[in-house]
Amino acid sequence: MTSLSDSLVNRSRSRPVLSRYKPNIGNLDQLQSKRELFFKSDTVSGGGVSASVPPSAAPPAPPSTLKDALSKRSATLPEPQETNHVEANGIATKHSNSVSVDVSKPPSTAPPPTPAPPVPISAPPAPVPTPLRSTENIMKKAEHPPVAPKPDLPKIEKPKTKELDGYVGFANLPNQVYRKAVKKGFEFTLMVVGESGLGKSTLINSLFLTEVYDKDKHPGPSLRVKKTVGVETSVVLLKENGVNLTLTIVDTPGFGDAVDNSNCWQPIIDFVESKYEEFLNAESRVARKAAPPDTRVHCCLYFIAPSGHGLKPLDVEFMQRLGDKVNIIPVIAKADTMTPEECKDFKEQIMKEIGQHKIKIYDFPESTGEEGDGADVTKSLRARVPFAVVGANTVIEQDGRRIRGRKYPWGIAEVENLEHCDFLALRNMVIRTHLQDLKDVTSSVHYENYRCRKLAGLSHDGKPHRTNSNNLCPQGLMNSFMTVWNPLAQMEEEKREHDLKMEKMESEMEQIFQTKVRDKRAKLKESEAELARRHEATRRALEAQARELDERQRALNAERAAWERDTGLSLDDLRRRSLEANSKETVDGKEKKDKKKKDWSFKSVATGISI
Ligand code: GDP
């Protein structure tokens, strides 16, 4: 399993590189003593490996040694045995079950403590000549100042291998790593570049057997064609047998679609580098995460039109410019439009031109750790580059089989048939066997190159990057190194960033506050006006009512006067008369009641009933 060595390599990556990229400049001693001062705390806490190396023990090395050093470091890690584990759906995934019995010497018998070098030097010094990965050439390009002679370091004895009497349990370590990795999930960023209509979205959907590009929610790049090249990302979470893959698809709608395509690669270069920049920033923070999110572009599928006439100038230009920044895998789109012979010739032509123009494409390593048939299959699939692919979103039923393919009157072009196209080879190589290698190469070659260029103050074309005051003079170099490797300067930088952020937030909040106050005031004014309007309306209504009442009062008075005149009576007379009548009725009623009472008492006396 490569992830174990990968994680170990990654953890120790940042600091050892410091010693290897030390600039050989005039006031080096002064710089070194300053750096030692800053790293002292690291040494005390045991965190800094390179800090404990004496200044002379860290010779600057050109970036071309980077990959060697990384591979040496990997070589020192125990080689896990890989077994293929066939999942329920028939997909072979690798589970490492290391049965190595190598143990390090116990501390008592260990050699006397020596300053720990950045790279374990127990590995044999003579490098084994291996075929150069295309990306290795890139690192040889950069020129560096002369290297100081490497002083003799005290030799560290190679720990002896001891046989164990029984099962201890650390053989289970790869399983722990496996479980942790599965729990954490995986991230992969795939970029697709090519003119619109070459079948990019169809191929992505076919690769992941799902509608990554959904016509309604997320149309393919050609349905989003722009006047200028845009870079857009879409993230999908894929789950297969409990393993989560966060897949980020980066597409570039508008690429190669303009009349004048000069510089249409620039937004893509900027995007790729911005992701490296993000990662570098996340990695070099004082308070950094153990594993910052990896949004770097791990693979770029470059779609070549099936013209049969070799590469177009735009293809050459793009691959030349991006080849040392990202893993390019060239694919011939719509391979079903060519006969097998045409396809073979076209492939040869493309590979010839790739060689002629010194284009660096991703070089699938021959060995993937598999042995026997697995290795042979890898070898045969590797020979199919550039992959001539066919994409299809439709599944056709034929002879009881469900086939993904394109149906024509003369037959079916099957997507997953190696005799029809290289789709299966591409999918196997990119997803099943080389996904981790693509990530590793991105991390240890392309990203390291970027980082190196960045630290050396070079721009992406390898020329000195001249910023305000940090020119590529020794002092400028020193400043850039000091800024990146000096924790205090970094803290200062982060504090400045933080202050800026706070200021920005404050001004934003102030703006929001002002806007809210303005809104509230406007609302208050509105409600005030509304109240005044209502008050005025009510006042008018009341006045109208009062006027009406006056009217009615006047009418009533007139009516009364007329009535008094007609009857010769006044209202007062009427009132008096009615009062008199009332009082008379009251007196009569009382007398009647008294009489009734008397009658009752007489009756009760006569009958002898007491009431
Ligand atoms: P994009 O713009 O590159 O994303 O292209 P699309 O995936 O939208 O495909 C454009 C057209 O080409 C659609 O009509 C597809 O059905 C068709 N297409 C996709 N892949 C293939 C292929 O492998 N062969 C052929 N002949 N047509 C294809």
Side-chain angles (χ1 to χ4, degrees), residues 189-236 247-258 261 264-265 267-268 299-308 311-312 314-315 318-319 328-340 342-344 346-347 350 384-396 403-428 430:
T189 304
L190 179 66
M191 181 183 248
V192 283
V193 184
E195 290 158 36
S196 64
L198 283 184
K200 297 184 291 295
S201 349
T202 314
L203 190 83
I204 294 295
N205 286 347
S206 311
L207 271 179
F208 293 96
L209 298 176
T210 184
E211 296 282 302
V212 175
Y213 284 111
D214 188 334
K215 265 196 181 147
D216 303 327
K217 286 185 197 147
H218 188 77
S222 50
L223 300 175
R224 290 176 276 134
V225 174
K226 301 200 168 166
K227 284 197 184 132
T228 52
V229 181
V231 181
E232 293 173 7
T233 55
S234 43
V235 183
V236 276
L247 175 71
T248 308
I249 304 285
V250 181
D251 58 42
T252 52
F255 176 83
D257 293 340
N261 284 310
C264 71
W265 46 83
I268 302 172
C299 175
C300 168
L301 293 183
Y302 186 76
F303 283 69
I304 300 166
S307 63
L311 297 173
K312 290 190 210 166
L314 178 60
D315 300 333
F318 176 85
M319 289 198 275
I328 295 181
I329 300 177
V331 294
I332 300 170
K334 301 187 175 181
D336 55 329
T337 57
M338 290 187 286
T339 64
E342 282 169 351
C343 189
K344 190 168 159 276
F346 191 41
K347 278 186 180 188
I350 288 173
R384 288 179 174 250
V385 177
F387 300 103
V389 293
V390 173
N393 284 332
T394 44
V395 178
I396 305 159
I403 316 163
R404 205 173 247 265
R406 305 186 71 82
K407 196 170 185 178
Y408 297 109
W410 50 89
I412 295 174
E414 293 178 24
V415 169
E416 296 181 13
N417 187 337
L418 277 173
E419 285 178 9
H420 292 197
C421 71
D422 300 330
F423 172 84
L424 217 51
L426 174 71
R427 189 169 72 189
N428 278 357
V430 172

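One-based numbering, in listed order, for ligands and for the atoms of each. Just so it is clear, the values below take in all heavy atoms, side chains as well, and ignore hydrogens, waters and symmetry mates. Model, not experiment: these values are computed from the prediction.
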Between ligand 1 and F255, can you find any atom pair, the residue atom being a heavy atom, that is separated by under 4.0 Å? no
With backbone taken as N, CA, C and O and side chain as the heavy atoms from C-beta onward, which portion of T202 lies under 4.0 Å from ligand 1: side chain, backbone, both, or neither? both
Is there side-chain contact between L311 and I304, with at least one heavy-atom pair below 4.5 Å? yes
Nearest heavy atom to atom 12 (O) of ligand 1: which of K200, R406, K334, E195 does it belong to? K334
Any side-chain to backbone donor/acceptor pair from K334 onto G199? Under 3.5 Å, distance only. no
Could you tell me if the side chain of F423 sits less than 4.5 Å from the side chain of N417, heavy atoms only? no
Under 4.0 Å from a heavy atom of Y408: which atoms of ligand 1 are those, numbered in the order shown and with their elements? 26 (N)
Judged by atom type as modelled, is there a donor-acceptor pair below 3.5 Å linking the side chain of T394 to the main-chain atoms of G405? yes
Quick one: list whatever passes side-chain contact (heavy atoms from CB on, under 4.5 Å) with K347, sequence neighbours left out. I332, C343, R384, P386, A388, D422
Out of G391, P253, S196, who gets a non-hydrogen atom closest to atom 23 (O) of ligand 1? G391
side-chain contact (heavy atoms from CB on, under 4.5 Å) involving E195 - partner list, sequence neighbours excluded: L198, D257, K312
Counting from 1, what ligand 1 atoms have a heavy atom of V390 closer than 4.0 Å? 23 (O)
For A335, is at least one N or O under 3.5 Å away from an N or O on ligand 1? no
